[in-house]
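Let me begin by presenting the structure, written as structure tokens, before commenting on it.
Convention: sequence-line order gives letters A, B, ...; per-chain numbering from 1. Side-chain atoms are counted along with the backbone in the values below, which use heavy atoms only and exclude waters and symmetry mates.
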2 protein chains.
Amino acid sequence: LTRGSVLVTGGSGFIGHWTLEPLAQRGFDVHIAARSPSINGIGQFHYVNLLDANESEQLIVNLRPTHILHCAWDVTHGRFWNAPENLDWVVATLRLARAFASCKGRRFVGLGTCAEYDWSDDGARPRREDDLLRPTSLYGQAKLSTASVLQAFFSIEEISFAWGRMFHLFGPREAAGRLVASMARALIAGERAVCGAGHVVRDFMPVQQAGAALAMLLESNVEGPVNVATGRGTSIETIAHLLGEISGRPDLVAIGALPGAVATPSVMTADVSRLRQEVGFSNVIDLRQALMAAMQYWQVHESR
Amino acid sequence: LTRGSVLVTGGSGFIGHWTLEPLAQRGFDVHIAARSPSINGIGQFHYVNLLDANESEQLIVNLRPTHILHCAWDVTHGRFWNAPENLDWVVATLRLARAFASCKGRRFVGLGTCAEYDWSDDGARPRREDDLLRPTSLYGQAKLSTASVLQAFFSIEEISFAWGRMFHLFGPREAAGRLVASMARALIAGERAVCGAGHVVRDFMPVQQAGAALAMLLESNVEGPVNVATGRGTSIETIAHLLGEISGRPDLVAIGALPGAVATPSVMTADVSRLRQEVGFSNVIDLRQALMAAMQYWQVHESR
């Protein structure tokens, strides 16, 4: 029994990877477009540079997937917010959509970001999908503009389209410099584990759950933007203390010791009514357990 | 004396053509990227397909223009509103911007559209550049999304950027099926000249004036969106009657005889404060004279 064939772009990446097993379990014939195969062996691997117009189009023409889950984008930690490469990924995404439409694809799901929203109220309330959008970064603008064009285009082409607005993710295989990864690695090494302003609240979601939610979103026929998040805010302080506790080295945790990045807005949380009620994803998240899994990953994969 | 070198994409097109002489007069070294040379011989012609990534990039790298006036887009009359080719032009425009930035260009001016605005109030008042934007066509969305990404990108790259939001143009060399052209051609041929709902009001600007305004905008250092229009609304009825009068055949004019296209909103006019006060363009438009010029063009260029 197959629900159709899905091409997961960036299928070996941080988010894409975690969509593969849930997609396969749901009966999809899974294909991966990436620069390296998936580490769990799920899905048929297609080596392709999506920034190359010919390679990208040829893949779609040859494969003719019924579904695309487009996870690929350049999110190099520390520079992606305002990197010119964001333009290249707008271009690559629109080309992918054009090729998909010309091959009579059925459903396209892309990845958006909480950075599309207007946060000028400092995050006073959880964001709903129909709230005001006003990105302040090139990344946020590139994602929003891409979604707006795709929405208009796929509506005309009568292709089903959804846009998963991702909030803050953590978990195995995340970039080593990000909050949870950097603290976990420091704690494992017995070094001081620093983080920025502890009061800052984000909607932290384990990446495994985000992958499962995206697989459900792809299988559904829900249209338009859908927040992919937990609906619950957690302070950086809470994350830091949990990591200290799990590692048995709470003494190494140094909250507020990391200067630099201005943490605005204070709060970024999602209203997840659409994800729960329309997509049917119910996330029972044990934050401690998810942080333990992240910690275990770094214990296996790195000894500094 | 040269103010720099300007590459006019679509320089042999309906709008681009009319920017060439004013740009040359202002001291710019004018280059044209198009599929055919300009008909007035102004500007150095570069045969290039801007939809081809390599051709486009090579042109910028070789030419290294200080300015770009990007007029090229697919606006095939009768189909461009929701044509998939709009995506190709978003792609081509972002690639052009990338290449321009990597060659240290100074100023980029692109062409937007009144279709970017929210007209759901039926056009109750003239639109200002900071009014709500909510396109209902793929064309309008593609233009808006392109502008939003370019604005964020050029701000980071410290390249000066403006976006000329074009309203309704008419004049020599317009597509034969458009309002003024089709009526002028019918009247010249001694045939019934039909148009749609006569009460509909648009901000009709002679294309020669739009070209002059764009040349001034390019030379200025005004940033962001700027309406390119007259600031005055004219009903289709008025246009039709003037054409009938000019041709000496008012008896052939059949207002409201053209069914089909729903003319909403009733009114589309521009607030042109920015164009007048910041760019310094003062347009004294004699509508009758401009319509005569359009009529003369078709008398010379077509006998049906």
Listed by number, the residues in residues 108-124 of chain B that come under 4.5 Å of chain A (heavy atom to heavy atom) are none

All heavy atoms of A:Arg95 vs all of B:Arg95, minimum pair found to be NH1-NH1, 3.7 Å

(Q) Take a 6.0 Å sphere around CZ of A:Arg178 and say whether it holds more than 12 heavy atoms from other residues, nucleotides or ligands. (A) yes

Most heavy-atom pairs under 4.5 Å with chain B, out of A:Ile156, A:Val91, A:Leu87, belong to A:Leu87

**Message:** Please determine whether the number of non-hydrogen atoms from other residues, nucleotides or ligands lying under 6.0 Å from atom CD of B:Glu57 exceeds 12.
**Reply:** no

Heaviest contributor of heavy-atom pairs below 4.5 Å to chain B, chosen from A:Thr93, A:Asp88, A:Thr136, is A:Asp88

query = Would one find more than 12 heavy atoms of other residues, nucleotides or ligands at under 6.0 Å from atom CG of B:Asn49?
reply = yes

By residue number, those in residues 138-154 of chain A with heavy atoms under 4.5 Å from heavy atoms of chain B are A:Leu138, A:Gln141, A:Ala142, A:Ser145, A:Ser148, A:Val149, A:Ala152, A:Phe153

